[in-house]
Trainee: 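Below is the structure I would like to discuss, written out as structure tokens.
Model, not experiment: these values are computed from the prediction. All heavy atoms count here, side chains included; hydrogens, waters and symmetry mates do not.
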Amino acid sequence: MLDVLIVGAGVSGIGMACTLRRECPDQRFVILERRAQLGGTWDLFRYPGVRSDSDMLTYGYAFRPWQALDTLAQGPAIREYLRDTAREYELESHIRYGMDIERAEWSSETQWWTVHARNIEDGAAHQWQCRFLILGTGYFNHAAGHTPQFPGAERFAGQLVHPQRWPENLDCADKDVVVIGSGATAATLVPALAKQGARVTMLQRSPSYYLPVPQRDRVTEVTSALMPKRWAFAMARKRNVLIAHWLYQACRRWPQGMRRFLMRQVSKRLPAGISMAHFNPRYLPWDQRLCILPEGDLLESIGRGQARVITDQVREFSADHIKLESGAELRADVVVSATGLELQTFGGMQILVDGTPYEPYKHMLYKAVLMEGLPNFAWIVGYINASWTLKVDLAAAYLCRLIRRMQATSTGFVVAKAEPGQVSDEAVMGALSAGYVHRSRAESPRQGRQAPWRVTHDYLQDRKLLLQAPLEDGILRWHPAHSGLPSKV
């Protein structure tokens with residue numbers, strides 16, 4: 001019997017396990033990971049140039065700060081950071097790799113979860129029992145990304161790849177490469193492929209917002225030479241939290257002014273001959289994620305003629321071309337479908353409570369951590385408008401507060417219960433208008449009409465809610481450990 005079972009050995013799961021080791025050292029825990037090694041998203045994505053889309057001073061854990069001066073970091077550096085973190089906290093002996101979780105069943109009679117998994121390599125069935133189940137699976141489907149059904153794609157003689165399944169031996173040098181998309185993945189791939197010697201075209205249905213930032217944090221470089229390094233990096237982390245918060249709030253409050261500001265940052269990086277029509281989105285800032293460009297690398301590649309951008313739509317594929325709705329044709333040896341990801345609730349596992357299937361799309365998140373109606377169950381989901389890890393730090397600290405309180409009061413399980421009429425028809429990620437949000441809306445958990453059932457994506461507000469607000473609020477129900485008849489959910 002385990003005290004805690006963590007699903008996922010990516011940023012969320014590793015962060016949760018480390019916090020558990022620090023704040024609840026007596027808890028027996030295991031981490032189940034589907035992949036063959038830790039890293040989660042950073043082990044999955046191997047396309048050229050893959051990097052963080054948040055600054056690393058806030059993407060690093062609060063308990064083990066990032067210690068480099070790069071504003072954004074490449075995927076291999078982040079994987080190494082996660083491995084070093086796991087090594088420092090001696091997590092490897094707690095991780096079970098290659099485990100595909102099929103379902104988790106809660107029993108009110110025993111007051112524990114039974115988790116059923118299957119070993120991907122040999123198909124052997126395994127099961128674990130635990131008191132508290134914590135999902136660090138994120139919300140992306142790691143099995144497959146989103147690729148539209150392109151007419152005539154079966155006739156294409158070149159390679160059609162999705163960044164989520166990048167072929168290890170794919171050589172794009174001296175080839176015509178069309179990257180379909182304009183989001184963060186496309187903005188990363190285009191300059192990286194251009195550096196490899198590819199002739200790259202970014203084909204976008206509509207433009208995205210881009211914000212060029214310095215690759216190196218010069219301010220922190222100076223302050224770290226004038227004071228202890230840990231002070232300088234702590235100050236920089238707080239500064240970057242506030243900058244990201246203010247930037248998002250400004251985009252929501254003054255969208256037209258921020259549109260002009262962002263457009264100016266782009267136009268300054270482009271030569272006069274390139275039309276700004278390719279960089280003028282149809283939506284308002286932060287209706288979709290803002291793409292961060294280190295040193296404006298995408299714009300630099302376009303400005304130097306190493307890459308080009310075309311705003312059009314695919315009509316059909318031929319053997320070696322993409323025909324566009326405008327009538328134009330693009331020659332292509334390789335087509336990269338950087339067309340988005342697929343969302344997946346709970347990593348795709350089935351959840352049952354006392355034998356009854358749990359339907360996430362009918363329920364809400366309590367304080368953006370606990371699922372309504374699920375006993376001793378948490379789902380750690382990061383921010384859409386700030387570094388994912390900021391939320392991981394807060395959620396992990398909150399869950400450790402909760403676990404300590406349960407121990408002190410001999411609580412068997414806790415469950416968040418909402419009053420009737422609290423649930424709305426809005427999905428938890430309804431603040432974004434991105435395609436992957438719309439595609440998953442029907443299966444996603446709902447937003448509540450008021451706190452604590454609203455997922456606000458507001459770090460400063462969540463700090464108070466998760467770290468300072470009382471645990472006993474009349475909404476979270478505390479059930480005693482067995483002392484006779486079982487307490488039903």
Trainee: How would you list all residue pairs meeting salt bridge (Lys or Arg N to Asp or Glu O under 4.0 Å) that involve residues 111-132, not counting sequence neighbours?
Mentor: Glu102-Arg118
Trainee: Ring-plane angle category for Trp379 and Phe346, please: parallel below 30°, perpendicular beyond 60°, tilted otherwise.
Mentor: perpendicular
Trainee: Between the side chains of Tyr97 and Glu92, does any donor sit under 3.5 Å from an acceptor?
Mentor: yes
Trainee: Test of understanding: with side-chain contact (heavy atoms from CB on, under 4.5 Å), list the residues that count as partners of Pro452, not counting sequence neighbours.
Mentor: Tyr366, Lys367, Ile475
Trainee: When you check the gap from the basic side-chain N to the acidic O, do Asp297 and Lys195 get nearer than 4.0 Å?
Mentor: no
Trainee: If we count only N and O atoms by modelled type, under 3.5 Å, do the side chains of Thr58 and Asn240 hold a donor and an acceptor together?
Mentor: no
Trainee: Please tell me whether Ser52 and Trp42 have a donor and an acceptor in their side chains that are separated by less than 3.5 angstrom.
Mentor: no
Trainee: Assess the side chains of Thr389 and Ser387: does a donor N or O sit below 3.5 Å from an acceptor N or O?
Mentor: no
Trainee: Does a side-chain N-to-carboxylate-O contact under 4.0 Å join Arg46 and Glu168?
Mentor: no
Trainee: Using a strict threshold of under 4.0 Å (side-chain N to carboxylate O), is an ion pair present between Arg252 and Asp287?
Mentor: yes
Trainee: Quick test of your reading of the model: are Glu90 and Arg21 salt-bridged, counting only N-O distances below 4.0 Å?
Mentor: yes
Trainee: Applying side chain to side chain contact (heavy atoms under 4.5 Å, CB included) to Trp478 and Ser410, what does each step give before you reach the verdict?
Mentor: CA-CA 10 Å; Trp478 302 72; Ser410 298; over 6 Å; no
Trainee: Please say which of Phe132, Phe413, Phe377, Trp128 ends up in a ring-ring contact (aromatic ring centres under 6.0 Å, His included) with Trp113.
Mentor: Phe377
Trainee: Near Arg83 CZ, under 6.0 Å, is it more than 12 heavy atoms from other residues, nucleotides or ligands?
Mentor: yes
Trainee: Starting at CG of Leu133, measure out to CD1 of Ile351 and round the result to the nearest 0.5 Å.
Mentor: 6.0 Å
Trainee: Return yes when atom CZ of Arg463 has more than 12 non-hydrogen atoms of other residues, nucleotides or ligands closer than 6.0 Å, and no otherwise.
Mentor: no
Trainee: Between Tyr61 and Phe63, what is the ring plane arrangement, given parallel below 30°, perpendicular above 60°, and tilted in between?
Mentor: parallel
Trainee: Going by salt bridge (Lys or Arg N to Asp or Glu O under 4.0 Å), Glu426 matches just one of Arg446, Arg449, Arg454. Which one?
Mentor: Arg454
Trainee: Assess whether side chain to side chain contact (heavy atoms under 4.5 Å, CB included) is satisfied between Leu476 and Leu370, documenting all intermediate values.
Mentor: CA-CA 10 Å; Leu476 196 61; Leu370 305 179; 3.7 Å; yes
Trainee: In sequence, state the C-alpha distance, the side-chain angles, and the governing distance for Asp26 and Gln407, and then conclude on side chain to side chain contact (heavy atoms under 4.5 Å, CB included).
Mentor: CA-CA 11 Å; Asp26 62 328; Gln407 288 180 296; 2.8 Å; yes
